[in-house]
Amino acid sequence: MANVYYEKDADPSLLNGRKVAILGYGSQGHAHALNLKDSGVDVRVGLRDGSSSWAKASEAGLAVAGLSDACAQADVIMVLAPDTEQAAIYDAHIAPNLEDGDALFFAHGFNIRFDLIAPPAGVDVAMVAPKGPGHLVRRTYEEGGGVPCLIAVENDATGTAKGLALAYADAIGGARAGVIETTFTEECETDLFGEQVVLCGGITELVRSGFDTLVDAGYQPEIAYFECLHELKLIVDLMYEEGISGMRYSVSDTAEYGDLSRGPRVIDDHVKATMKTILGEIQSGEFAREWVAESTSGRENFHRLEAEGREHRIEKVGAELRGMMPWISAGKQSVQDVSGGQG
Ligand code: NAD
Ligand code: MG
């Protein structure tokens, strides 16, 4: 079984006297910086010159500096820029300012696992990865809770890397929910697999395929939208609260029999074989190489696929129906308003 840590296991004093730099002020960056500040940690945000996030972070009461200055000031550096930008940021701003005994933190294992960044031996290298989007990391902290975190140590130069990672996870609220120990390899490979096969890739194609099947068969798009997308949240909430068996207990027997007898026909051996192939592409580094090449060459495929997705008919009917249900997003700030977004 995995090691799971809670607040009682964390020693917040390991962050005493440490100066933390958060590089980037996007989804994760704004949440880490604000939670650390509210936990009494000496934190500054490192941003590119001219970044549109500069004003947002300052207005939120945070110290802000250029990337190199923030790295020079800090002895704990958390890299929360996009994964595809981190290697260039490391070369230009982090590496020149790293000293033995410093700590370099990540929220995803990508750059270490695929050798895009190779820190020197005298530096602690660890991960604190919230298992949720940054806006939830901030909101749950403000509510007195937290988002569960993974921690991992890739290099323990000082002998305190794990304690420091746990103290950091505690300071952003993660230890209230549970902190699980893992490795960079396990976190990175399972994270990529989850988002490709189940959470993002799998679910969006499942929803759109179900929607298309109904609409192509002549059913009304509004009905298909409610059936295949809207109701998904209700089912996922039940699974989240009670597990799969708990969800099955709550739905009708008819729904449950359909689930039990038809589900394995949809997600069949062919699908499972594809999942294995995709896992292989992750483990071999093929996916990482493809994505880094795509990103550095201008993201042409990425933008084309994204635009095609926006044109799917489920988006049009969905926007109309959600417009009639303003309570769905009532009271929630747009995710683009709170953080610095891509700027
Ligand atoms: P993001 O895209 O929301 O924000 C990145 C921020 O980095 C931008 O807002 C900007 O302030 C800055 N930035 C962008 N390009 C830059 C550059 N070239 N140089 C310097 N700064 C730049 O990113 P995110 O989703 O917060 O991801 C940050 C890290 O956290 C990644 O390693 C990601 O894998 C990890 N992570 C994200 C989530 C999530 O749900 N978003 C969850 C867990 C871990
Ligand atoms: Mg993830």
Side-chain angles (χ1 to χ4, degrees), residues 1-2 4 108-109 113 129 131-133 136 147-148 150 177-178 180 182-183 185-288 290-291 305-306 308-315 317-318 321-322 328:
M1 289 297 279
V4 186
H108 183 28
R113 165 63 181 83
K131 291 317 283 177
L136 222 48
V147 166
L150 304 183
I180 305 178
T182 181
T183 62
T185 296
E186 182 179 64
E187 180 278 338
C188 182
E189 294 175 3
T190 57
D191 188 76
L192 292 172
F193 180 81
E195 64 204 17
Q196 292 176 20
V197 165
V198 180
L199 305 174
C200 305
I203 203 68
T204 54
E205 277 312 300
L206 189 67
V207 166
R208 294 200 305 191
S209 298
F211 174 90
D212 282 340
T213 301
L214 286 177
V215 174
D216 289 345
Y219 298 98
Q220 300 179 77
E222 292 81 1
I223 303 286
Y225 177 85
F226 277 116
E227 202 51 56
C228 298
L229 190 151
H230 182 83
E231 281 195 47
L232 184 63
K233 171 162 170 48
L234 314 177
I235 295 300
V236 169
D237 282 350
L238 288 170
M239 287 170 50
Y240 180 85
E241 288 158 16
E242 308 275 349
I244 291 172
S245 294
M247 179 277 285
R248 285 174 171 164
Y249 177 80
S250 292
V251 300
S252 71
D253 288 353
T254 306
E256 186 176 0
Y257 181 69
D259 164 353
L260 295 166
S261 63
R262 266 55 180 178
R265 286 175 56 196
V266 178
I267 308 300
D268 60 7
D269 288 347
H270 169 76
V271 174
K272 286 174 193 156
T274 306
M275 288 183 177
K276 253 185 130 167
T277 303
I278 289 174
L279 180 60
E281 292 166 4
I282 292 166
Q283 291 168 331
S284 71
E286 185 184 335
F287 171 79
E290 177 186 321
W291 170 223
L305 294 167
E306 198 177 34
E308 282 170 17
R310 275 196 298 269
E311 293 303 313
H312 192 280
R313 52 194 174 177
I314 199 171
E315 300 300 341
V317 66
L321 292 171
R322 289 192 300 275
I328 286 183

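- Under the 3.5 Å distance criterion, the side-chain polar atoms of S209 are left unmatched by any main-chain donor or acceptor of L206.
- Looking at heavy atoms from C-beta onward, H230 lies out of side-chain contact with L321 at the 4.5 angstrom threshold.
- In this structure, the separation between NZ on K233 and CG on D237 is 3.5 Å, given to the nearest 0.5 Å.
- Between F211 and L229 there is no side-chain heavy-atom pair separated by less than 4.5 Å.
- To the nearest 0.5 Å, atom CG of residue L238 and atom OG of residue S245 are 12.5 Å apart.
- Between V147 and G132 the shortest heavy-atom distance is CG1-N, 3.7 Å.
- The environment of CD1 in I244 is sparse: at most 12 heavy-atom neighbours from other residues, nucleotides or ligands sit within 6.0 Å.
- Residues L232 and I203 share a closest heavy-atom pair of CD2-CG1, 3.8 Å.
- Nearest heavy-atom pair across I282 and Q196 is CD1-OE1, 3.6 Å.
- At least one side-chain heavy atom of H108 sits less than 4.5 Å from a side-chain heavy atom of L192.
- The 12-atom threshold is exceeded at CG of D268, counting heavy atoms of other residues, nucleotides or ligands nearer than 6.0 Å.
- Across all non-hydrogen atoms, the minimal contact from M275 to I267 is CE-CG2, 4.4 Å.
- Atoms CG and SG, on L150 and C188 in that order, are 12.0 Å from each other to the nearest 0.5 Å.
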* **Pair K131-D191, side-chain contact (heavy atoms from CB on, under 4.5 Å): steps then yes or no** => CA-CA 9 Å; K131 291 317 283 177; D191 188 76; 3.1 Å; yes
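- Under a cut-off of 6.0 angstrom, the local environment of OH in Y219 is sparse, with at most 12 non-hydrogen atoms contributed by other residues, nucleotides or ligands.
- Once rounded to the nearest 0.5 Å, the distance linking CD of Q283 with CD of E281 reads 10.5 Å.
- Atom CD1 of I278 is separated from atom CZ of F287 by 10.0 Å, given to the nearest 0.5 angstrom.
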* Asked: When you look at V207 and I314, which way does the side-chain contact (heavy atoms from CB on, under 4.5 Å) test go after all the steps?
  -> CA-CA 9 Å; V207 166; I314 199 171; 3.8 Å; yes
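- Residues E242 and M247 form no side-chain contact, since every pair of their non-hydrogen atoms from C-beta on lies 4.5 Å or further apart.
- Contact check for R313 versus V317: no side-chain heavy atoms found under the 4.5 Å cut-off.
- Across all non-hydrogen atoms, the minimal contact from P148 to A177 is N-CB, 3.6 Å.
- In this structure, E315 and G309 approach most closely via the heavy-atom pair CG-O, 3.5 Å.
- Taking CG of D259 as the start and CG of D253 as the end, the distance is 12.0 Å to the nearest 0.5 Å.
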